[in-house]
Amino acid sequence: MQTEIWTASDEDLKKAGQTLKNGGLVAFPTETVYGLGADALNEKAVKAVYAAKGRPSDNPMIVHIHSVSQIGDLTPSVSEAMKILAADFWPGALTMVVPKAPCIPDATTGGLDSVGLRLPSSEAARRLFAFAGCPIAAPSANLSGSPSPTTWQRVRDDLFGRIDGIVMGEPCEIGIESTVVDLTGEIPTILRPGYITRQELENSLAKIGKTVEIDEHIKDMQDLVKISDRKFAEKGELGLANSYANKANQNTESSGIIELIDDTASSDFKPKAPGMKYKHYAPKADLILILGDYYEVAEKMKKMQTELEATGKKVKKILLSDSEEDIKLEMNTFFEKLREFDEKGADVILARGHSQENGRAYAIMNRMLKAAGYKVLS
Ligand code: TXA
Ligand code: MG
């Protein structure tokens, strides 16, 4: 298939919009990550998205709109919560899961009776959707299993020859995907943490006396104490730091670090946002998250790097602090670094994990934990 490369000029976006309207697949920039769009009401087009990405077809897609006036067509009744969140966070990095209108085919929602709606702030995206004249179903524009793309060049790397076109926009401002909040139940529940935090949603929904929960499975998978405990229990050792030192002393072929960091990802992980269960963002290299004070982690990384390199492993490091600035930088660069390190043939990536107290750190840790397969060294 020939893949057109379009600019974000009106002339080009018109062509791209027409392609969408005709059932084609077009990748486009948003403020979070690049999306791979299709007419959300065209079953055949939506199925082609799954094929292009190589993605399991039970995974529901987010339906993107360019104007709040479209929501009446996509959900049977607009709740107070939805109105308030739309007013406070749209356009922006928030996806609201609401009951779906019958016009949306099952293929778009993976057979669910709810639909995720998002009005992105990216101006190029909204102009594109307006030219297309239809709601746009779009997952992130990566091949299934690789990190979400934050530049058009990364979309090209993954999807050139598999889709009709790519709109060349700016690198994404945020760099991780939108917050997904489920509004179909009594209590609004975060199904995927993102740039917009629980606290921000709560501040907004306080106007109608509502609180916000985080999906239990996400909580469980991000409980770092538990993740570490689980490892201690399995290993029957005093602590990871000790066992790391012991293994290193045994002077085994790979210094024991890789064996030590066994796979603790639990197989009973069944979050409500179906997309959360797939192994996303997994780099080819072994990613090890190290928790702790910045300087201590820096020291430890240096030591581990020396040992790993002595066994012939290629090591890359990601070392940022918990400052607001660094958290934003981590969000903005993490996916890109995974891709870059894979290109460079890294065997091991050592990354400092973040304290999750600040809500945005919670979101980036969600992606880091998944990329690490929940392998954590404390
Ligand atoms: O920032 C974003 O959200 C990007 C850009 C392109 O908008 N899109 C994105 O799409 O990340 P995707 O397909 O990679 O992730 C969509 C997430 C998945 O976790 C999916 O399970 C969840 O949203 N989701 C979508 N519709 C849902 C629904 N009706 N019920 C529950 N979860 C839903
Ligand atoms: Mg994705």
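Quick note: numbers below take in every heavy atom, side chains included, and nothing from hydrogens, waters or symmetry partners. Every number for a ligand or one of its atoms is a count from 1 in the order of the listing.
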key: ligand 1 atoms in contact with Asn59 (distance to a heavy atom under 4.0 Å)   = 20 (C), 21 (O)
ask   = Of all the atoms in ligand 1, which lie at a distance below 4.0 Å from a heavy atom belonging to Gly35?
value = 6 (C)
ask   = More than 12 foreign heavy atoms under 6.0 Å from CD of Glu357: is that the case here?
value = no
query = In terms of atom number and element, which parts of ligand 1 are under 4.0 angstrom from non-hydrogen atoms of Pro139?
reply = 10 (O), 12 (P), 13 (O)
inquiry  = Show the atoms of ligand 1 that are less than 4.0 angstrom away from any heavy atom in Val115.
reply    = 29 (N)
Numbered atoms of ligand 1 (with element) below 4.0 Å of His64, judged on heavy atoms = 5 (C), 6 (C), 7 (O)
request  = Tell me yes or no: between the side chains of Arg126 and Ser67, is some donor less than 3.5 Å from an acceptor?
outcome  = no
request  = Output yes if Ser140 passes the N/O/S-under-2.8 Å test against the Mg ion (ligand 2); output no otherwise.
outcome  = yes
query = Between Lys47 and Glu43, does at least one N-O distance fall below 4.0 Å, as a salt bridge requires?
reply = yes
inquiry  = Regarding atom 27 (C) of ligand 1: of the candidates Ser144, Ala125, Pro60, which has the closest heavy atom?
reply    = Pro60
message = For Tyr195, does the six-membered ring have the charged nitrogen or CZ of Arg360 within the cation-pi criterion, i.e. under 6.0 angstrom from the centroid and within 45° of the normal?
response = yes
N/O separation below 3.5 Å, Glu177 to ligand 1 = no
task = List every atom of ligand 1 that sits less than 4.0 Å from any heavy atom of Val180, numbering the atoms from 1 in the order shown and giving each element.
result = 23 (O)
inquiry  = Using a 4.0 Å heavy-atom cut-off, which part of Lys100 comes near ligand 1: side chain, backbone, both, or neither?
reply    = neither
inquiry  = When you compare ligand 1 with Lys53, is there at least one nitrogen or oxygen pair between them that comes in under 3.5 angstrom?
reply    = no
ask   = Does Ser178 reach ligand 1 with a nitrogen or oxygen that is under 3.5 Å from one of the ligand's nitrogen or oxygen atoms?
value = yes
query = side chain to side chain donor-acceptor pair (under 3.5 Å) between Gln222 and Asn366: does it pass, once the steps are laid out?
reply = CA-CA 7 Å; Gln222 290 195 221; Asn366 177 267; 2.6 Å; yes
ask   = Can you tell if the side chain of Leu191 reaches within under 4.5 Å of the side chain of Asp182, non-hydrogen atoms only?
value = yes
message = Check this for me: does any side-chain nitrogen of one of Lys303 and Glu307 sit under 4.0 Å from a carboxylate oxygen of the other?
response = no
inquiry  = I'd like to know if the side chain of Glu202 reaches the main chain of Val212, judged simply by a donor and an acceptor atom lying under 3.5 Å from each other, with no hydrogens or angles considered.
reply    = yes
request  = Ignoring angles and geometry beyond distance, decide whether Tyr34 reaches within less than 3.5 Å of ligand 1 through its nitrogen or oxygen atoms.
outcome  = no
message = Tell me whether the count of non-hydrogen atoms from other residues, nucleotides or ligands lying under 6.0 Å of NZ in Lys44 goes above 12.
response = no
remark   = Nearest non-hydrogen contact to atom 8 (N) of ligand 1 from the set Ile62, Val63, Val97, Ile136 belongs to Ile62
query = If you group Ile, Leu, Val, Met, Phe, Trp and Tyr by side-chain heavy-atom gaps below 4.5 Å, do Met61 and Leu143 land in one group?
reply = yes
key: Contact atoms of ligand 1, heavy-atom distance to Leu191 under 4.0 Å   = 31 (C), 32 (N)
Val33 neighbourhood, listing ligand 1 atoms whose heavy-atom distance to it stays under 4.0 Å = 4 (C), 6 (C)
